[in-house]
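Order of appearance sets the numbers: ligands from 1, and atoms from 1 within every ligand. Only a predicted model underlies this, so the values are computations on that prediction, with no experimental measurement involved.
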Amino acid sequence: MRFDILTIFPGFFESPLKCSLIGKALLQKKLSVYLHDIRAFATDRHKTVDAIPYGGGAGMVMKPEPLVAAVESVPRQEKSLRILLSPKGTLFDQKMAKELAQKDQLILVCGRYEGVDERVKELAIDEEISIGDYVLNGGEAAALVIVEALVRFIPGFMGNEASVQRESFEEGLLEHPQYTRPAEFRGLKVPQVLQSGHHEEIEKWRREQALKITQERRPDLLKKVAKEIKNA
Ligand code: 6GU
C-alpha cells in the first residue's frame, strides 16, 4: 500500500514513521509513504499557501492553486483515493479503515488554518474525513492516525494475524481485560478462570467482560451491533 501525504509540515512525520512496526514495514517495502511539501507548489516569491477569507472573519484559508497543483503532481495508482483531512469530514472508524485498506494508494491532504478553499474539494478531493469531534491545528496528526489504522490490514504487517481480528471494534465491542504474569501483583490476583486452562470458560468470561465494559463506556456501540445483527 502506498500513502502520499501532502502537508506544509513534512518534518512532522519523520520520527513517527521511523518507529515501531511502521518503520519496519517501510524498510521491508510492505508499505511506502511519500511526503509532499505543499509550499513547494506556491509560485510567488514568498511561497504563499494561505490568504484571508472572502467575506471576512478570523484566520486564514488555504489557497487553491498550490494545493490543487500539489495533488495533481502525485502519480496515481489504479485503486487510489484523494482524501482531505478536516474536522468537517465524515467520521473515521474501524469499518472505514477496513474499506480504505482495500485501496492501492491514499493521497492524504492535510488541511491547515481555518480551512481550505472549497473549490479544492471539487477539483482534487474525493472524500473529506475527520478523526473525531475535537479540533486539531491541522490534519497532520489525523493523517498519521489513518496510516496507523490502515497498515494493520496489510498482510504480514502484524506478525500475528489473529490479533487484528480479535481486537477492539473488530466485533463491535470493546476488548476484555488482559493479564500477564505474575499471577499476583501487590496483592491483586489474576482472575482464576484465566489460569484454569478451560478454554470454553475463558471465552465465556471474556465475552461477558467485553459486553460489560462496552455497556458501561460505549452503549452506542452495543446499539450499532444490535442494528447490524437485525439487518443481517
Ligand atoms: Cl482530520 N483535522 C483537524 N484540523 N481537526 C480534526 C480532524 C482533522 N479530525 C478531528 N479534528
Chemist: Does any non-hydrogen side-chain atom of Ile22 lie less than 4.5 Å from one of Phe157?
Modeler: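 With C-beta onward as the side chain, the pair touches.
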
Chemist: Is it the case that one hydrophobic cluster holds both Leu150 and Val147, taking links as side-chain heavy atoms less than 4.5 Å apart, direct or via other members?
Modeler: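 Hydrophobic grouping puts Leu150 with Val147.
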
Chemist: For atom 11 (N) of ligand 1, grab the closest protein heavy atom and report residue, atom and distance to one decimal in Å.
Modeler: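 The closest one turns out to be Tyr134 O, 2.6 Å.
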
Chemist: Inspect the contact between Glu208 and Lys204 and indicate whether a charged nitrogen and a carboxylate oxygen are less than 4.0 angstrom apart.
Modeler: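 Yes.
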
Chemist: Verify the neighbour count for atom NZ of Lys224: are there more than 12 heavy atoms of other residues, nucleotides or ligands below 6.0 Å?
Modeler: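 No - once you tally the heavy atoms of other residues, nucleotides and ligands closer than 6.0 Å, there are 12 at most.
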
Chemist: Hydrophobic cluster membership, with links at side-chain heavy-atom distances under 4.5 Å among I/L/V/M/F/W/Y: are Phe41 and Phe12 in one?
Modeler: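 No, Phe41 does not connect to Phe12 through the hydrophobic network.
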
Chemist: Which atoms of ligand 1 sit under 4.0 Å from any heavy atom of Leu85?
Modeler: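 Those qualifying, in numeric order: 1 (Cl).
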
Chemist: If you count every heavy atom of other residues, nucleotides or ligands that lies below 6.0 Å from Arg119 atom CZ, does the total exceed 12?
Modeler: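 Counting neighbours around CZ of Arg119, 12 or fewer heavy atoms of other residues, nucleotides or ligands fall under 6.0 Å, so no.
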
Chemist: With a 4.0 Å heavy-atom cut-off (strictly under), which part of Ile129 contacts ligand 1: side chain, backbone, both or neither?
Modeler: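 Contact part for Ile129 vs ligand 1: backbone (N, CA, C, O).
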
Chemist: Tell me the protein heavy atom at minimum distance from atom 2 (N) of ligand 1, and give that distance in Å.
Modeler: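 In this structure, atom 2 (N) of ligand 1 has Pro87 CD, 3.5 Å as its nearest protein heavy atom.
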
Chemist: Looking only at distance, does Asn137 have an N or O less than 3.5 Å from an N or O of ligand 1?
Modeler: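 No: no nitrogen or oxygen of Asn137 is under 3.5 Å from one in ligand 1.
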
Chemist: Are more than 12 heavy atoms, taken from residues, nucleotides or ligands other than Ile52, located less than 6.0 Å from that residue's CD1 atom?
Modeler: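 No, the 6.0 Å shell around CD1 holds no more than 12 heavy atoms from other groups.
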
Chemist: If you take the nearest heavy atom of each of Ile83, Leu136, Val145, which one is closest to atom 5 (N) of ligand 1?
Modeler: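 Checking each option, the heavy atom nearest atom 5 (N) of ligand 1 is found in Leu136.
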
Chemist: Give a yes or no answer on whether the side chain of Asp4 reaches the backbone of Ile107 with a donor-acceptor pair at less than 3.5 Å.
Modeler: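 Absent.
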
Chemist: Strictly under 4.0 Å, does any heavy atom of Gly111 approach an atom of ligand 1?
Modeler: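 For ligand 1, residue contact (heavy atoms, under 4.0 Å) with Gly111 is absent.
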
Chemist: Could you tell me whether Ile131 and ligand 1 have an N or O pair separated by under 3.5 Å?
Modeler: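 Min N/O separation from ligand 1 is below 3.5 Å for Ile131.
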
Chemist: Would you mind telling me if ligand 1 is within reach of the side chain of Ala142, the backbone, both or neither, using heavy atoms under 4.0 Å?
Modeler: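 Contact part for Ala142 vs ligand 1: side chain (C-beta onward).
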
Chemist: What protein heavy atom lies closest to atom 10 (C) of ligand 1? Include the residue and the distance to one decimal.
Modeler: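 Here the nearest protein heavy atom works out to Gly132 O, 3.0 Å.
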
Chemist: Among all protein heavy atoms in this structure, tell me which lies nearest to atom 1 (Cl) of ligand 1, with the distance rounded to 0.1 Å.
Modeler: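 It is Ser86 N, 3.2 Å.
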
